[in-house]
Amino acid sequence: MSVIDVFHAPRGFVFQDFETRDIITDHGEVTLRYPVLTAEIIRDLCGTVRRNRLQALSAYSVERIVDVIGKAVALWTDPDYEGRLLAESLIPSITGYDPTMTRIELKRYMRMFRRRELLRFLDDELSSPRMLDEYRPNKSGGYTRLYGPDLTFHVFSSNVPGIPVWSMTMSLLTKSAIIGKSSFDEPLMPVLFARSLAQIDPDLADALAVVPWRGGTVELEDMAIGEANAVIAYGSSHTTEAIRPRVGAGKPFLSYGARIGFSLIGREALRADTHVQTVHRMAVDVATYDQQSCLAPQTIFVERGGAISPAQTAELLARELDSQQHKYPRSTPSDEESLAIRRARSETEMKALFMAAPASDGSVAQSNLQAPFVIESPQGTNWTVLYFPNTDSLTSLATPLNRTINLVAVDQLENALPTLKPYRVWLQTCAIAASSSRLFTLAQHVGEYGIDRICPIGEMNRAKSGWHHDGGFNILDLVRAVDIERNTDRYSDTFDIDYE
């Protein structure tokens with residue numbers, strides 16, 4: 001039996017007591033070890049990483065930090081790298097995700113943090129990345145310097161492996177020390193990333209601490225929140241909203257709770273020569289990480305007028321989801337999640353019976369000639385397609401996830417837009433499969449409904465570096481700007497004894 005430490009602490013920081021958890025992998029039993037924590041230990045960890053930041057990280061140029069992260073990520077391109085092998089072996093066993101899917105998606109995800117991608121991201125978000133190092137000229141004629149938090153408290157979620165790498169990277173680029181709370185449901189990836197950084201630059205890694213504890217442990221969370229200068233929280237809406245009121249006024253708080261994604265499929269994407277690839281891409285979006293990512297679709301709007309109808313599209317999507325199930329089996333849902341899926345199926349079937357019922361005169365109303373229907377996996381709740389013939393029949397834009405998807409027929413893609421309005425605060429990603437002549441018009445319209453990302457179908461779970469998560473900024477929302485106003489330098493010149 002091997003023992004894996006699922007925590008990272010600065011060199012020299014010693015924990016006294018530990019707990020363990022055993023998991024079964026394809027290679028045998030593995031014990032995960034993590035420290036027993038108290039509020040005092042969290043306070044000491046915060047103080048340690050803050051001091052280490054002051055001694056090293058705060059003096060690093062942003063380009064040096066980019067180089068360190070880039071070299072750490074380069075380690076992950078080696079299939080024999082120890083951290084990658086651990087991730088590919090243990091994360092599927094911990095989370096239940098399919099091993100092959102996890103391997104492919106982690107590899108794709110880590111590429112986002114290569115040096116060239118980080119440089120592109122910095123240039124996109126900041127007019128001058130060197131403002132993180134020194135005062136640089138600004139457009140008003142003065143100078144600006146950007147200061148990151150001394151210490152950022154991160155609450156990591158477990159739904160998608162790798163997400164902690166994003167928020168850790170953003171904090172490091174602002175030269176912030178990190179205290180990270182990992183999830184017991186997936187405590188490994190942030191630790192492995194911290195270890196990669198330590199292999200490249202131990203001094204930088206000493207400004208990081210990542211430890212797991214049970215969500216809702218108020219005394220530990222309150223200590224970390226109080227010590228930190230900024231808070232970044234991922235998780236359910238319940239988790240993020242429980243933290244929000246405990247963050248002091250004026251302290252940056254970035255929260256990323258549950259969100260809803262959707263797709264718009266134009267008739268041109270369902271031509272005889274395009275529909276096979278289109279439906280395959282739709283299935284990939286649904287199957288990847290079982291819709292647990294906030295980026296994943298929960299409803300797909302399909303335009304009539306293509307070579308195949310929306311109802312036929314639903315049938316083909318069901319076949320593709322079945323193929324995905326054979327290729328990348330879904331993780332096992334909880335009893336509560338399975339019940340929610342069965343309930344969604346039953347509600348749709350009941351709606352179909354109601355819509356097909358004869359009118360009072362014994363005839364079938366014209367609007368009822370096409371009713372909702374359900375296509376479900378042969379075994380259990382592995383996948384579900386809920387078909388709705390129009391937006392009026394749609395029960396909810398959200399689904400129980402776990403490869404449960406709404407497919408809604410519309411005469412025009414624009415007809416889907418009013419359906420989005422009640423969900424404005426929950427919307428995030430929209431995938432569009434339509435011609436370029438319609439792309440920007442559609443983007444203009446859906447952008448007014450609260451989304452913050454538009455992408456091709458098949459790529460909903462693969463956000464690119466520089467994406468404005470939840471419509472905000474990844475660095476600008478963390479930093480504090482200090483301006484030297486125009487003419488201040490000239491005024492200072494007047495005190496030079498040689499000034500004329």
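Values below: every heavy atom of this structure, side chains too, minus hydrogens, waters and symmetry copies.
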inquiry  = Salt bridge check, E117 against K464: does any charged N sit closer than 4.0 Å to a carboxylate O?
reply    = no
| query | Within the side chain of N406, is there an N or O that forms a donor-acceptor pair under 3.5 Å with the backbone of L394? | reply | no
#### Entry: Expected output: side-chain R103 to main-chain S89 donor-acceptor under 3.5 Å
no
Notebook entry, point to check: Do you see a donor-acceptor pair shorter than 3.5 Å between the side chains of S393 and N390?
Noted result: yes
- Message: Looking at F440, I want to see if its CZ is surrounded by more than 12 non-hydrogen atoms of other residues, nucleotides or ligands under 6.0 Å.
- Response: no
Within the distance-only criterion (no hydrogens, no angle test), does the side chain of R114 pair as donor or acceptor with the backbone N or O of R111 below 3.5 angstrom? yes
**OP:** Examine distances only and state if a side-chain atom of R345 and a backbone atom of L386 form a donor-acceptor pair shorter than 3.5 Å.
**Re:** no
Looking at R195 and E82, is any side-chain nitrogen of the basic one under 4.0 Å from a carboxylate oxygen of the acidic one?
no
Is there a donor-acceptor pair closer than 3.5 Å between any side-chain N or O of S377 and the backbone N or O of N382?
yes
T399 side chain vs T404 backbone, donor-acceptor pair below 3.5 Å:
yes
Just checking, is any N or O donor in the side chain of D470 or Q428 under 3.5 Å from an acceptor N or O on the other one? yes
| request: Return yes if some donor-acceptor pair links the side-chain N/O of N159 with the main-chain N/O of Q292 below 3.5 Å, else return no. | output: yes
**Request:** Assess whether side chain to side chain contact (heavy atoms under 4.5 Å, CB included) is satisfied between L397 and L420, documenting all intermediate values.
**Result:** CA-CA 8 Å; L397 203 65; L420 307 176; 4.0 Å; yes
Validation row: H154, S171 side chains within 4.5 angstrom (heavy atoms): yes
Next on the checklist: Side chains of Y81 and S196: any donor to acceptor distance under 3.5 Å?
Outcome noted: yes
- Less than 4.0 Å between a side-chain N and a carboxylate O, is that true for D98 and K327? no
Checklist entry - Between D477 and F473, is there a donor-acceptor pair closer than 3.5 Å when you use the side chain of the first and the backbone of the second? => result yes
Salt bridge check, R84 against E88: does any charged N sit closer than 4.0 Å to a carboxylate O? yes
Practice prompt. Test side chain to side chain contact (heavy atoms under 4.5 Å, CB included) on R330 and W383 and set out the steps.
Written response: CA-CA 8 Å; R330 190 197 61 175; W383 54 263; over 6 Å; no
Walk me through it: do N474 and W166 pass the test side chain to side chain contact (heavy atoms under 4.5 Å, CB included)?
CA-CA 9 Å; N474 299 284; W166 180 288; 3.1 Å; yes
Practice problem: List the steps and the verdict of ring pair (Phe, Tyr, Trp, His ring centres under 6.0 Å) for Y34 and F7. | Solution: CA-CA 6 Å; Y34 47 91; F7 63 91; 8.8 Å; no
Verdict with supporting geometry, I69 and L118, side chain to side chain contact (heavy atoms under 4.5 Å, CB included)
CA-CA 9 Å; I69 297 172; L118 293 179; 3.6 Å; yes
Start with the C-alpha distance between F262 and Y449, add both sets of side-chain angles, then the distance that settles ring pair (Phe, Tyr, Trp, His ring centres under 6.0 Å), and finish with yes or no. CA-CA 12 Å; F262 63 96; Y449 284 85; 8.9 Å; no
### Query
Donor-acceptor pair, E29 side chain versus D22 backbone, under 3.5 Å?
no
Is the F113 ring parallel, tilted or perpendicular to the Y109 ring (thresholds 30°, 60°)?
perpendicular
* **Distance-only polar pair, side chains of S437 and S435, donor-acceptor under 3.5 Å** => yes
Under 3.5 Å, is there a donor-acceptor pair between the side chain of T77 and the main chain of A74? yes
